[in-house]
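These notes are about the structure you will find just below.
Quick note on labels: first sequence line is chain A, next is B, and so on, each numbered from 1.
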Amino acid sequence: METLIIILIGILTAVATYLILSRNIIRVILGTAVFSHAVHLLILTMGGLKKGSVPLLKEADAPYTDALPQALILTAIVISFAVTAFILVLAYRAYQDLGSDDLHALRGTNDE
Amino acid sequence: MVEKILLTALALFAFSIAIALYRIIKGPSMPDRTVALDMIGVNLISSIAVISIVLKTKAFLEAILILGILAFISTIAISKYVERGVIVEHKSDN
Amino acid sequence: MNTSQIIELGAALLILLGSIMSVISAFGIIRLPDVYTRSHAATKSSTLAVLLSLSGAFVYFWVHEGFISVRLLLGIVFVFLTAPVAGHLITRAAYRSKVKLTDNSSDDALKEVLFPEDK
Amino acid sequence: MNNIIVLPLILPIMVGVLLVFLRPYIRLQRIISLLTMIGVACISVYILNRIQTEGIMRLDFGGWKPPFGILFVADSFSALLVLTASVVTAICLIYAFSSIGERHERMFFYPFILFLVAGVNGSFLTGDLFNLFVCFEVMLLASYVLVTLGGEKAQLRESIKYVVINILSSWFFLVALAYLYGTVGTLNMAHISERVAEAGQGPLLTTVSILFLIVFSLKAGLLLFFWLPGSYSAPPTVIAALFGALLTKVGIYALFRTFTLIFYHEPSITHNLIGIMAGITLIVGCMGAVAYKDVRQIASYNVVIAVGFMLIGLAVGTQTSLEGSIYYIIHDMIAKAMLFLLVGTMIVLTGVTKFDQMSGLIRNYPLFSWMFFVVTCSLAGIPPLSGFVGKVLVGQGAIENGSYVLVALAFISSVVVLYSLLRIFLNSIFGETIISPEDELPLKKGLLIPIVLLGIGTISLGLEAEVLSSYVSDAANTLFNPSIYIDAVLSGNK
Amino acid sequence: MPAQFLLNLFIAFLWMVLQDEDELKITTFFSGFLVGIGIIFLMHRFFGTQFYLRRLISIIKLFFIFISELAASSVLISKQILSPKLKIKPGIFTYKTKLRGDWEITTLAMLLTLTPGSVVMEVNPEGDMFYIHAMDLEKSKADVLRSIGKFEKAIMEVTR
Amino acid sequence: MRINDVILRTVTKIVVFIILTFGVYLFLSGHNTPGGGFIGGLVLASAFVLLYLSSDIESVQKSLPLDFKMVAAFGVLLATSTGFGSLLLGVPFLSQTFAYFDLPIFGKTELTTVTIFEAGVALAVVGVVVTIILSISEDE
Amino acid sequence: MFSVNFAIIFPFIIAALVPFLYRRIKFVHIGWFVMLVPITLFILLARLIPSVASGKTFFHTYNWIPSLDINFTTYLDGLSMIFGLLITGVGSLVILYSIFYLSTKESLQHFYSYLLLFMGAMLGVVFSDNLMVLYVFWELTSVSSFLLIAFWNHRKASRQGAQKAMLITVSGGVAMLVGFIMLHTMTGTFSVREIVLSIRDFTDHTLFLPTMILVLLGAFTKSAQFPFHIWLPDAMEAPTPVSAYLHSATMVKAGIYLVARFTPVFGGDQVWFWSVSVIGMMTMFWGSFNAVRQPDLKALLAYSTISQLGLIMSLLGLGSIALNIGYSADSIIYTQATFAALFHLINHSTFKGALFMVVGIVDHELGTRDIRRLGGLFTLMPFTFTIAVIGGLSMAGLPPFNGFLSKEMFFAATVQISNADVFSLQTFGVIFPIVAWIASIFTFVYCLIFIIKTFLGPAQPEKLDKPIHEAPVGMLISPLILCAFVVGIFFFPDLLGKYILQPSMASVYPTFGDPKELTPSIYAWHGFNAELMMTIGVIVIGALLYNQLKKWKPVYGLFSQKYTFNMLYNSMLSSTEKGSTIVTKGYMTGFLRDYLVYIFVFFIVTVGGFLFYSGAFSIDISTDASIRVYEAILVGVMAVAAVAMLFAKSRITATLLNGVLGYSIAIFFVIFRAPDLALTQLVVESVTTALFLLCFYFLPEWKRETSSSKTKLTNAIVSIGVGVVVMLVAFSVLNYEKFETISRYFENAYELAGGANIVNAILGDFRGFDTMLEVVVLFIAGLGIFTMIKLRAKKEDADIEN
Ligand code: NA
Ligand code: NA
């Protein structure tokens, strides 16, 4: 199972990398979203999969699965939500004012 | 016996999800994809219910309801997007 | 095999039935010719499927752990409440975004109301 | 009870949130935010002195003993950085009062600044690696907002790059954390250090450490600085100044912390890599600094050069060089803020961005112009200004260690810094006066005072380096002997 | 009707007290309430008004009508899907309903949509005309119209 | 033909209440079962999102005249000030306490300062999510 | 007791006060007040001459940064006394001169501030014992010189000259600083005195040679030695008093001071001998050779200064050989070179100072320094002419002027060195007298040019803007005083030798016993020996060359302007600039994609590379949990959904696929027993999807990526690389089983924190701090989005600054 999930993580990462290298800003943002999917799975996998029961004390018996990675992922999910929301709005604000969603066109005019 | 049946059921739900994914990728229209997404949501609900039985835990029953809620909200949002482009309106026409 | 085991088996079979329904409706969204007919398959058959599996789970937990899950009941109610609305909204959106009906459709009472200019 | 060490983070946050409620009262917002930063500065002075008498301070949040809970650890290094960051921010706030304008102020400018500082201070203080990630995010989100604040075209354009690259670096950070957790199974930095030492670091942990190196290098602008020049030249002056002063320092801090506290067992790999990266950073930074005529670009590449310089201290890794880097970081925070305020003000006053389009500012704004000269000398490491001591110590450490190439690059770079800024000085400050008295924009006192304050800072920090020396040497000592930090965190629970 | 409800509560309370348990239990109260329902249903004509839980019964009735329709038409649809060759002629037809008001219309529309073979696509702005998509217009239109009739009746029993 | 959203609106009226109740439940029960401030807040926020989706900003604002920015700010303040309380009490920052009480109706109840903390979290989440959605939607 | 530290600080204090004084005192030239500073200091120093002459030294320390061994330590000995007297003495005269030279319309407060700043810094250089402090003052002299050269900063030439001077001298200074640090690394001290005492133990140290070269770089750049001399002619853009003071009498001699000061440290080394003496000789030749062709009087003097500095430098080099041989009766003879160097140093200051003032007078009174427009001034400017003759002939090495004495000693030293039998001097030593002689010929020529072309011959009033007239008395006083020294020293050289030079010889040769032995008596007449013959040769050939100047001047045409060092410097700067621009713009393309590719490639190369290089990669699938069919299908669904995102034709399809990914991850969270995560993931994914849809309203549908197939291929390779590296490290980490995680502790959550949901207890309590900050993150994002939408750039604002 771990092997399978790690391969999945690899695929997700590769896809995310390809997306983030795109010219279109939406593809880039989707790339960041896929990146976060991949890393959430990674954290969970690195913490060890299926090693115990649900980390609810009254509900199940020990041994419990590692709860700490879960807490970390939760934090990471919320943060990546915040960032995604921000960059989405940034993207459309940039489109409104610069008239392009193509990062090639958003190159910027460094002097000279 | 029961476990085997449940795992079979799970595999079937997963299979349905895979089929729905095909529809999402294939389209051709956006409503087609929406229908398929809705279907994935519904199958996930079933899957969670079955997994809960397999894992002998009630911990995921909240997830079922939440998934129901969210599938609904997502469908509304996408439909409105397809229909009007705007999903939250300033002021209703009527 | 005692009673509760039999009931558990029944619950499992209920779930299996639900999963089969689900696969059938999944085939539906592949086989059926347009989004409108597909939405029939999706909104109904899968509603039934989820209904079956949730009921199965509900029965299982009731029998196996003596636990009446309000959440599962609520879930069932919720699916009932929302699935038709979703179907309604999707097909409406499809029609209004001019997704074509399949060619062998026999009648279209909406066309003259919504897109009279296309006639 | 060491609760006081959470104040540099929590005070700005709470005040920032309170200011949201005080949105219409701009004057009140100004006063409160300034007082907060002054307060934090005073608190950090207190903390710094307490560390000297009582040793490293530590606060276990919620009372959970390490390594299980999150904790703040204040050693001299952290406290010095917190102090400098707070002082620089306070001064920049004064500049903002007369420059940023009511529109921005009404749009939560002060809360965002306070959040930024909170994130920065939190990053300096935290003793937990995942919490460091979270503190980074506080800082980054605030910086994302600040870099776009105002919505100018250039800002929107550059901020996309800035945000995406930082998202990527945050992603790398999480990946690195996942690997680290998968190997050593803990998040407390002291505890990680202990376990890494127990395992003898080894090839896999070294691989993970390289990933951390990438993460923090992206933040610090070490070699991977591509986001920096653009995003530092787009936002309003005061924001650019704060960025120039604070943001890269957090990455630098993290590099210092991780590669002295945790991954210090394979210096032939990690520290050499840092050295190579620092060397290349110096070279390309120098090239960038002479490649442009845009004064903000020049200032931005000066940031890059300084990053390379500071990291040489880490790459060399002797106590002397670490000490030098610490001096240099403190110096650079002040001087870079000053430089960005100066070039930004020049652009406002002249309406142009390139130094060959400006001329003779010294006739119109003499004191301002002299401040530019001061910062030029200071950044070039000309004594007795603040850059000097750090430069000497880094050089000394590198020579002791036999890292002659780095020494050469470091010292040549300071000549390039001099050249790059001298070009601005000679072309823009000196020269024929082209602004006639009637076209001359008045230079508000509110803009001049903070610059002068920073100028006084860089001069007095050079002349009075002895005041800092005991703190800095304590900081370097703690960095050089990780056991001090580990003991303070993991033993003798208070 | 509130009188019936109060009486029901009273019966339940009485039931609970009569049990003479150590502590007051919700479950006992609940069973007492059920007993009360039975008693009041038998006696409701004495009040000269309808049984106060009549609507509940109607709802249950509606539910069962619906379940049976759902099951029947699900089988139909499944057959259609699984038949080797699709022989359907879908289409949209209109239906003018007697029902009025948001709740009635919504309920009907939902029931219609849930029963396979029909989806309510639009409601006209006046709220009395449904545009219904049928899976197989020729064959199932009659079925659908029959179902609509049943549903309308059952709904009115609940609401009116 | 104008769109008639009667079905959506009618169903939403029921559904929103289910979601709100569920959200509060998730928030309160998080200490022992899945849930907590974040999830509770997110679910509550999705209830609001549903309201905005099915209706429009103006009519929702009429019946719910809240500045969600302030809600969020209040939430953050609440969450941080539980930590600040520990400063006054002289215990480590963010120390949480819990105790069991016998309350009349609820029976044996556990009361923790975490709940206040989580309430702050929930409010902040609701406030932020709705602020984001409203800000975008109100943009011209 | 007068502290030397005070002497250094005093000018700085006054420099700071000058701008304020200037505002108060309007009725009189501020220079009069300023002049009191060097006069006071000169007197104070002069009072110490007898004690210093008797071998006493003065040592004083103020703590500055004691923890780093950087202290303000001053050391007054014979060597520093010479320079101290020069700085304050010439300083007084220059200020006096400047009072008449600079009108009150100039910004005098700046001028005198800089001048005092320089004076203090220069005193600091020569009196500091601590190398770091010496360096501080060293750079301050560069800075103040920069400011003085750029005094008329509206002139482009001034600015360029200032920049060149600053860059070259500061670069040299930086090199010297590194040398100093290396010295500290070797010896453990920054004190020159202590280094001199302990250096013997370190001559074999690997750093010894680099240190020496670095220190020499500092000295050579400051003293305008070949090929760093190019800044000095350009520095002539400074007002003439500055040229007289900084660029001939004092600052440029800081390098000489440094070499003299460090002779006891490095002097025993062969490299030191050769580099100092050869560079000095080359400089001497090149300077004198180029001086001849200068039409600008000031430029002529600048090259002459370069040449003379070379002369002094080479003498110090020659003298250092004594240290190699060691203290013996034989080696004493070589110390005479050093003696000559110090002697000439003083002489040069006197005659060159006077000559600069002459040029200043000519420039000031007639408005030009171009010898092609001058001539025949002697009748109308008799005093100036007299000064020029005295100074010029002294420079040419003729009696009865002090230049003759030191020039003769110079010749003597070169002749002696060619007979030495170390360092293969028997073979190469003959070069020294030859080069010295040739250079002296050119020196003689330009001295003649200076005197004759300016003052003799026909006057050309038509080429002048102003009538020819004598300078005011005030401007003549200073050069006349200097001329008095020029003549006076010729007649009473031993006074100088005994009181001034003798103690400084003790500083250069601390190990050579009684300095009296090192102090020869100076005679104008010492018989017909080699040096006198050489002098006569110089006069004869020099006069001949002057006479035939027109015939051989075309020789200079051979030295194309393209290949001068100046051009080299300029083209180096501009090509650095151009090259930097090309390189920087080459990689800073402004394309986000490129930056990301750099980062990814760096990641692949370092992390992936090291993973394999170190053998850290390992994989073991035997401990894997089992895979169930539905899990496998779901993994497949995710993989397909992810890959399909790449090919999605519309953005909303891609968004939906992302939603599928999100929902599928939620189900994996269920499978992996993470209920809280599943819940959060579901809600967040839905809200995110809604946000995408909200924002799509404002954004256009995406177009096909039109990147070239090469770009696409690169992207694909990079993507696969990143995926693979992440995967491989993950495998290895999974297989790394050394430590138990800390999370067992949290399983007591109920007892510890009163919560049965461990994850929630961690979030709310154990790691509540993370959660608190996370809320802050969310809040910032929300507020930021609000701001971004509401606060827009004003249309009318220019896109330059907020
Ligand atoms: Na980020
Ligand atoms: Na592991």
Side-chain angles (χ1 to χ4, degrees), chain D residues 13 61-62 64 67-70 107-108 115 131 134 137-138 141-142 145 148 150-154 161 164 179 182-186 195 199 203-204 207 210-211 214 224 226 236 287-288 290-291 347-348 353 382-384 395-396 399-400 411 414-415 418-419 422 426 430-432 465-466 469, chain G residues 65 67 135-136 139 143 150 153-154 159 163 167 170-171 174 178 181-182 185 576-577 580-581 583-584 592 595 598-599 603 606-607 610-611 614-616 729 732-733 736 738-742 745 765-770 773-774 776-777 780-781 783-784 787-788 791-793 799-802:
Chain D
I13 286 181
F61 293 120
W64 302 111
F68 305 109
I70 296 174
M107 277 298 175
F108 313 112
F115 293 145
N131 189 243
V134 179
E137 293 300 320
V138 172
L141 256 296
V145 178
T148 53
E152 289 296 335
K153 285 192 167 114
K161 297 168 199 168
V164 171
Y179 290 154
T183 44
V184 299
T186 183
R195 286 190 164 185
L204 183 59
T207 312
I210 294 175
L211 188 49
I214 293 177
L224 311 173
F226 319 106
M287 292 176 116
V290 297
I347 292 171
V348 172
T353 58
I382 288 180
Q396 202 171 316
I399 290 168
E400 281 165 13
F411 282 84
S414 56
V415 175
L418 176 69
Y419 174 64
L422 216 50
L426 287 169
F430 275 1
E432 291 288 355
E466 184 63 20
S469 72
Chain G
I65 319 176
S67 51
Y135 174 73
V136 169
E139 294 295 37
V143 169
N153 64 61
H154 51 274
R159 300 199 300 271
Q163 172 174 312
L167 272 187
V170 168
S171 305
V174 166
V178 177
I181 297 172
M182 288 178 166
T185 309
T576 308
E577 230 164 88
S580 299
T581 309
V583 170
T584 307
L592 176 62
Y595 301 160
Y598 306 150
I599 295 168
F603 165 75
T606 53
V607 175
F610 186 73
L611 185 73
S614 67
V729 179
S732 316
V733 169
Y736 188 94
K738 283 211 174 80
F739 299 103
E740 179 75 0
T741 80
I742 55 167
Y745 177 80
D765 206 339
F766 297 109
R767 297 185 68 88
F769 193 67
D770 271 349
L773 291 183
E774 187 186 340
V776 174
V777 168
I780 300 172
L783 208 58
T787 311
M788 198 168 14
L791 181 63
R792 285 164 190 254
D799 193 18
I800 301 165
E801 167 67 43
N802 20 327

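- If you tally non-hydrogen atom pairs under 4.5 Å between each of G/T576, G/T606, G/V607 and chain D, the highest count goes to G/V607.
- For the atom pair G/I780 CD1 and D/I13 CD1, the distance stands at 7.0 Å (nearest 0.5 Å).
- Between G/R159 and D/G431, the closest heavy-atom pair is NH1-CA, 3.0 Å.
- Here the side chains of G/L773 and D/N131 are in contact, with some heavy-atom distance below 4.5 Å.
- Of the two parts of G/V776, only the side chain, counted from C-beta on, holds a non-hydrogen atom closer than 4.5 Å to a non-hydrogen atom of chain D.
- Between G/I181 and D/F411 there is a side-chain heavy-atom pair separated by less than 4.5 Å.
- For a residue to count as touching a neighbouring chain, one of its non-hydrogen atoms must lie under 4.5 Å from one of that chain's; by this rule D/I214 touches chain G with the side chain only.
- Of the two parts of G/M182, the backbone and the side chain both hold a non-hydrogen atom closer than 4.5 Å to a non-hydrogen atom of chain D.
- Counting all heavy atoms, side chain and backbone alike, D/T207 lies closest to G/A616 at OG1-CB, 3.9 Å.
- The greatest number of non-hydrogen atom pairs below 4.5 Å with chain G, out of D/T186, D/I399, D/V145, is found for D/I399.
- Inter-residue side-chain proximity for D/F68 and G/I742 is flagged as met; some heavy-atom pair is nearer than 4.5 Å.
- With contacts defined as side-chain heavy-atom distances shorter than 4.5 Å, the pair G/Q163/D/Y419 qualifies.
- Ring geometry for G/F769 against D/F61 counts as parallel: the plane angle stays under 30°, on a 0 to 90° scale with 60° as the upper cut.
- Across every non-hydrogen atom of D/A291 and G/T584, the tightest pair is CB-OG1, 3.8 Å.
- For D/L224, the part sitting under 4.5 Å from any heavy atom of chain G is the side chain, from C-beta outward, and nothing else.
- Under the 4.5 Å side-chain criterion, counting only non-hydrogen atoms from C-beta, G/L611 is in contact with D/L204.
- For D/Y179, the parts sitting under 4.5 Å from any heavy atom of chain G are the backbone and the side chain alike.
- Closest approach of G/T741 to D/R195, counting heavy atoms only: CA-NH1, 4.4 Å.
- Once rounded to the nearest 0.5 Å, the distance linking CG of D/L422 with CG of G/L167 reads 6.0 Å.
- Two residues are said to be in side-chain contact when any heavy atoms from C-beta on lie closer than 4.5 Å; G/F603 and D/I210 fail this criterion.
- The two residues D/P203 and G/F610 make their nearest non-hydrogen contact at O-CE2, 3.5 Å.
- Taking each heavy atom of G/I65 and D/A465 in turn, the nearest pair found is CD1-CB, 3.5 Å.
- Chain D forms the most heavy-atom pairs under 4.5 Å with one residue out of G/V170, G/V583, G/T787, and that residue is G/T787.
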Q: Could you please spell out the steps behind the side-chain contact (heavy atoms from CB on, under 4.5 Å) verdict for D/F226 and G/I599?
A: CA-CA 9 Å; D/F226 319 106; G/I599 295 168; 4.1 Å; yes
